[in-house]
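One structure below.
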Protein chains: 2
Amino acid sequence: MFHKGLNQKIIVDATKALMEQEGFPAFSMRKLAEMLNVKTASLYAHIESMEALFTEVGLSALRDQWDCLLSAIGEQHGDAAVTALAESYRRFASEHAELYKIIMQMPTGNDAVLKEAAAMTAEPFIRVLADYRLSEEQKMHWQLVLRGLMHGFVSEEQAGYFSHYPVSVEESYQIAVRCMIDGLHKEEGESNGR
Amino acid sequence: MFHKGLNQKIIVDATKALMEQEGFPAFSMRKLAEMLNVKTASLYAHIESMEALFTEVGLSALRDQWDCLLSAIGEQHGDAAVTALAESYRRFASEHAELYKIIMQMPTGNDAVLKEAAAMTAEPFIRVLADYRLSEEQKMHWQLVLRGLMHGFVSEEQAGYFSHYPVSVEESYQIAVRCMIDGLHKEEGESNGR
DNA sequence: CTCTAATCCTAATGACGTTAGGATTATTAT
DNA sequence: ATAATAATCCTAACGTCATTAGGATTAGAG
């Protein structure tokens with residue numbers, strides 16, 4: 001049985017499926033090859049290394065996240081758009097916890113990949129902040145602030161540090177997001193788009 | 001050469017040193033054994049497994065963090081205490097980036113360990129929030145909010161997602177912390193320690 | 001001074017990622 | 001149609017990894 005029609009896209013998609021199913025730490029080239037009814041060595045005709053594969057998987061997952069966030073924002077603007085972004089950000093991360101881990105582990109090392117990943121991550125936040133009367137520099141700051149908050153919340157939650165708390169984590173998240181929105185308005189008021 | 005006086009504390013300390021020096025992913029039992037002038041197998045007389053070792057290392061790192069944060073807060077109160085906590089949180093994470101990764105990777109699985117880790121992580125935040133006129137439930141929410149923000153910021157920074165930005169990340173962090181403090185005061189005003 | 005328990009070693013196992021080189025099939029040029 | 005070329009997948013092997021079993025050596029208790 002030769003020429004089974006293997007290619008990079010098939011391998012990347014299978015890797016994503018395997019990781020979502022068994023978890024990121026349990027992944028191995030052997031299991032991936034078994035899943036594709038192929039010997040492990042055959043994979044190396046289409047990918048350079050496992051690390052390179054992880055990069056491709058990360059970029060693919062990042063595109064999934066990008067789609068999810070942008071479609072959640074839709075045609076909304078201002079506070080509603082921020083709220084929608086925050087809600088969909090947390091939902092994507094919890095529904096694709098393993099892929100989310102890869103996204104966060106990916107950019108170490110390769111600078112070109114880092115820039116592509118950073119741009120894709122930033123876009124939904126840039127879009128949502130466009131409606132606020134802030135300078136470009138302020139928007140940049142608030143982009144980092146929003147991303148930090150959302151990622152941090154999701155990350156602590158996934159690590160398990162927020163379990164066993166006698167309060168609704170969902171509600172905590174909403175408090176945080178509302179706090180950010182208040183902060184955005186305060187900043188708008190203090191310096192009218194200087 | 002027998003009976004070299006190996007014990008768990010020595011192994012844990014050496015692991016921390018090795019990780020801080022060469023990074024978390026580069027760690028191996030071989031290197032650890034070499035560092036201690038011992039064969040790899042000998043380590044297993046004092047630790048159950050590598051994962052168990054990681055747990056001990058994580059708890060030890062968490063104690064280091066606990067010391068660092070509490071001494072930074074010192075006798076300060078209110079907004080000054082929150083600011084000091086935020087500043088020291090970010091500093092500890094950047095000075096001990098590899099240990100910080102372990103802290104965040106540790107609690108998966110073992111529930112007893114998770115509770116100990118969660119309690120130790122929470123304490124500095126609980127102390128800082130004690131000065132605000134808020135209900136216990138509100139304090140709980142804001143503890144999660146503050147932790148989420150600080151961790152998220154630090155984590156994105158370490159992953160590399162905040163590099164190549166034409167603004168001072170330090171300043172972004174201060175904006176975020178000030179926003180949180182404003183939020184705390186607003187919450188105090190709306191419901192006087194209900 | 002002997003017995004026991006702890007300590008450390010040698011040796012081996014199985015899983016892992018990765019590479020080299022050969023066999024087989026598809027594609028292209030004649 | 002057929003020969004030359006390229007792509008695809010395989011077998012086999014290597015070195016590294018964490019981990020375990022069992023034996024040799026040493027320290028401390030009776």
Side-chain angles (χ1 to χ4, degrees), chain A residues 1-60 98 101-102 105-110 113, chain B residues 1-60 98 101-102 105-110 113:
Chain A
M1 278 243 280
F2 284 77
H3 292 63
K4 307 186 177 176
L6 213 57
N7 61 44
Q8 180 157 318
K9 181 178 168 9
I10 291 176
I11 294 178
V12 168
D13 289 345
T15 305
K16 284 166 71 180
L18 187 56
M19 282 180 172
E20 294 217 73
Q21 184 183 319
E22 300 199 6
F24 176 54
F27 172 85
S28 78
M29 288 289 177
R30 273 178 153 69
K31 286 183 190 168
L32 176 60
E34 274 177 29
M35 194 176 186
L36 294 166
N37 290 314
V38 148
K39 298 298 164 185
T40 314
S42 308
L43 299 169
Y44 289 84
H46 305 92
I47 61 165
E48 195 189 342
S49 67
M50 192 175 72
E51 205 184 327
L53 172 60
F54 282 2
T55 299
E56 290 304 318
V57 170
L59 288 174
S60 172
E98 303 304 324
K101 282 181 202 162
I102 290 212
Q105 217 140 343
M106 178 188 26
T108 51
N110 191 328
V113 169
Chain B
M1 277 240 279
F2 283 79
H3 292 61
K4 305 184 177 175
L6 212 58
N7 60 45
Q8 180 157 318
K9 181 178 169 8
I10 291 176
I11 294 178
V12 168
D13 289 345
T15 304
K16 284 167 70 180
L18 186 56
M19 283 181 173
E20 295 217 72
Q21 184 183 318
E22 300 200 6
F24 177 54
F27 172 85
S28 77
M29 288 289 181
R30 270 180 156 68
K31 287 183 189 168
L32 176 60
E34 274 178 29
M35 193 177 189
L36 294 165
N37 291 313
V38 148
K39 299 297 165 187
T40 313
S42 308
L43 299 169
Y44 288 84
H46 305 91
I47 61 164
E48 196 189 341
S49 67
M50 193 175 72
E51 203 184 328
L53 172 59
F54 284 1
T55 299
E56 290 305 319
V57 170
L59 287 173
S60 172
E98 303 303 323
K101 282 181 202 162
I102 289 212
Q105 217 139 346
M106 179 187 28
T108 49
N110 191 328
V113 169

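In the text below, chain A, chain B and the rest are named by the order of the sequence lines, each starting its count at 1.
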A/H46 side chain N/O closer than 4.0 Å to the phosphate oxygens (OP1, OP2) of D/dC9?
yes
Please find the pair of heavy atoms, one from B/S60 and one from B/V12, that lie closest to each other, and give the distance.
CB-CG1, 4.2 Å
Find the distance between CD (A/Q21) and CD (A/E98) and round it off to the nearest 0.5 Å.
11.5 Å
Find the distance between NZ (A/K39) and CZ (A/R30) and round it off to the nearest 0.5 Å.
10.0 Å
Rounded to whole Å, the CZ-P distance (A/R30 to C/dG14) equals 13 Å
Provide, to the nearest angstrom, the distance between the CG atom belonging to B/L53 and the P atom belonging to D/dA18.
11 Å
Got a second to check how far B/L53's CG is from B/F27's CZ, nearest 0.5 Å?
5.5 Å
Report, one pair per line, the protein and nucleotides 20-22 of chain D atoms (nitrogen or oxygen only) whose separation is under 3.5 Å.
none

Whole angstroms only, please: what is the CD-C1' distance between A/Q8 and D/dA7?
16 Å
In this structure, how many angstroms lie between the P atom of C/dA6 and the CG atom of B/L43, rounded?
18 Å
Whole angstroms only, please: what is the NZ-P distance between A/K39 and D/dT11?
5 Å
When rounded to whole Å, the CG to C1' distance for the pair B/N37 and C/dC9 reads 14 Å
Pick the nucleotide of DNA chain C nearest each of B/V38 and A/M29; which residue has the one closer to the 5' end?
B/V38
How many angstroms lie between atom CG of B/L43 and atom CD1 of B/I11, to the nearest 0.5 angstrom?
5.0 Å
Does the side-chain contact (heavy atoms from CB on, under 4.5 Å) test come out yes or no for B/L18 and B/K31, once each step is laid out?
CA-CA 8 Å; B/L18 186 56; B/K31 287 183 189 168; 3.9 Å; yes
Atom pair distance, as rounded to whole Å: CG in A/L32 and P in C/dC16:
12 Å
Which atom of A/Y44 lies closest to which atom of A/M29, heavy atoms considered:
OH-CG, 4.0 Å
Rounded distance in Å - NZ (A/K31) to P (C/dG17):
10 Å
Would you indicate what A/S42 reaches in the nucleic acid, counting non-hydrogen atoms under 4.0 angstrom: base, sugar-phosphate, or nothing?
base
